[in-house]
A.B. asks: 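Please find one structure pasted underneath; my questions will follow.
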Amino acid sequence: MKQPRAWQRMLSGRRLDLLDPTPMDVEVEDIAHGLAFVARWNGQTTGNFAYSVAEHSLLVEQIFLRLVPKATPAQRLTALMHDAPEYVIGDMISPVKASVGPGYEELDKRLTAAIHIRFGLPAITPVALKKQIKKADKVSAWLEATQLAGFSKAEADKLFGKVDATIVAGLRLHLRPPIEVRQDFTRQHAALLGPL
């Protein structure tokens, strides 16, 4: 019996095997493009553009730097790339991920390892760093929920935890065309990759 196709052709021309991804088939332009067109919150946000995973990733890296002011460029790059596998597997809201089970998590882990190796990061993120990035991710989710997804602050506090007002001071989310977000993601990736 013929095995089903498990690769996806990327705009760069690469063929990424989703079940056995290799670092050589990972390009930042493909990641930035894919993430700029993947909507957070299943697209259930206000505005004329979707709030993309690329925009979310930029915000998480910004919040991470506020939480960890002495973070190295490599740690910041890890934060920027925390949802990078979603450029090919999409973004699923947490309740769906939980119901899909361990298969999604395994796929995510393999893709993350290939992406990290491609950009000179450890295949597996150290636990302490992962926790710091997760904290930034939750703060980002709180901001997105209250500014874009129609949640009250009380509801967001209950789901994502209360946020430190000094960490989110001045952070206003703006919806932008995917091309702008894609360019900013690629630019930030290059800036962080330079001094690794």
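Values below: every heavy atom of this structure, side chains too, minus hydrogens, waters and symmetry copies.
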A.B. asks: Taking the side chain as everything from C-beta on, heavy atoms only, tell me whether I89 gets closer than 4.5 Å to D108.
C.D. replies: yes
A.B. asks: How long is the gap from CG on D25 to CD on Q8, to the nearest 0.5 Å?
C.D. replies: 12.0 Å
A.B. asks: For the residue pair A114 and T22, what are the closest heavy atoms and their distance?
C.D. replies: CB-C, 4.0 Å
A.B. asks: Taking all atoms of both residues into account, what is the closest heavy-atom pair of S52 and L35, and its distance?
C.D. replies: CB-O, 3.4 Å
A.B. asks: Please answer whether the main-chain N or O of Q44 pairs with a side-chain N or O of N42 as donor and acceptor at a distance below 3.5 Å.
C.D. replies: no
A.B. asks: Are L192 and I117 linked, directly or through other ILVMFWY residues, by side chains that come within less than 4.5 angstrom of each other?
C.D. replies: no
A.B. asks: Give a yes or no on this: more than 12 heavy atoms of other residues, nucleotides or ligands lie within 6.0 Å of atom CD of E155.
C.D. replies: yes
A.B. asks: Does anything in residues 59-69 pair up under side-chain hydrogen bond (donor to acceptor under 3.5 Å, both in side chains), and if so which pairs, sequence neighbours excluded?
C.D. replies: E61-R76, E61-Q188
A.B. asks: Enter the distance from Q132:CD to T78:OG1 here, rounded to the nearest 0.5 Å.
C.D. replies: 11.0 Å
A.B. asks: Give the other cluster members for F64, using side-chain heavy-atom distances under 4.5 Å between Ile, Leu, Val, Met, Phe, Trp and Tyr residues; answer none if it is isolated.
C.D. replies: W41, F49, Y51, L59, V60, I63, L67, V68, L129, I133, V139, W142, L143, L148, F151, L159, F160, V163, I167, V168, L171, L173, L175
A.B. asks: Is L58 reachable from L193 through a run of I, L, V, M, F, W or Y residues, each pair having side-chain heavy atoms under 4.5 Å apart?
C.D. replies: yes
A.B. asks: Is it the case that atom CG in D164 sees more than 12 heavy atoms from other parts of the structure closer than 6.0 Å?
C.D. replies: yes
A.B. asks: Should K131 and K134 be marked as a side-chain contact (heavy atoms from CB on, under 4.5 Å) after you check the CA-CA gap, both sets of side-chain angles, and the distance that decides it?
C.D. replies: CA-CA 5 Å; K131 285 181 180 176; K134 188 65 184 170; 5.5 Å; no
A.B. asks: Do V127 and K130 pass the side-chain contact (heavy atoms from CB on, under 4.5 Å) test, and can you show the C-alpha distance, the side-chain angles, and the key distance before you say yes or no?
C.D. replies: CA-CA 5 Å; V127 174; K130 194 169 189 161; 5.5 Å; no
A.B. asks: What distance do T146 atom OG1 and D157 atom CG have between them, rounded to the nearest 0.5 Å?
C.D. replies: 9.0 Å
A.B. asks: Nearest 0.5 angstrom please: H82 NE2 to S57 OG, how far?
C.D. replies: 5.0 Å
A.B. asks: I'd like to check P85 versus I115 (side-chain heavy atoms, cut-off strictly below 4.5 Å). Are they in contact?
C.D. replies: yes
A.B. asks: Check the pair F119, L80 against side-chain contact (heavy atoms from CB on, under 4.5 Å), reporting the backbone distance first and the verdict last.
C.D. replies: CA-CA 12 Å; F119 300 118; L80 179 70; over 6 Å; no
A.B. asks: Quick one: closest heavy-atom pair of A156 and A145, and the distance?
C.D. replies: CB-CB, 4.3 Å
A.B. asks: Testing the 3.5 Å rule here: is there a donor-acceptor pair between the side chains of S12 and D30?
C.D. replies: yes
A.B. asks: If we only count heavy atoms from C-beta on, is the M10 to V26 side-chain gap below 4.5 Å?
C.D. replies: no
A.B. asks: Roughly how far, to the nearest 0.5 Å, is CG of L111 from CG of L19?
C.D. replies: 9.0 Å
A.B. asks: Short question: side chain of R40, backbone of D91 - any donor-acceptor pair under 3.5 Å?
C.D. replies: no
A.B. asks: Roughly how far, to the nearest 0.5 Å, is the CD1 atom of I124 from the NE2 atom of H116?
C.D. replies: 10.5 Å
A.B. asks: Ignoring hydrogens, what is the shortest heavy-atom contact between Q147 and T46? Give both atom names and the distance.
C.D. replies: O-OG1, 4.3 Å
A.B. asks: Can you classify the ring geometry of H189 versus F185 as parallel (below 30°), tilted (30 to 60°) or perpendicular (above 60°)?
C.D. replies: parallel
A.B. asks: When R182 is tested against each of E55, E29, H33 for side-chain hydrogen bond (donor to acceptor under 3.5 Å, both in side chains), which residue passes?
C.D. replies: H33
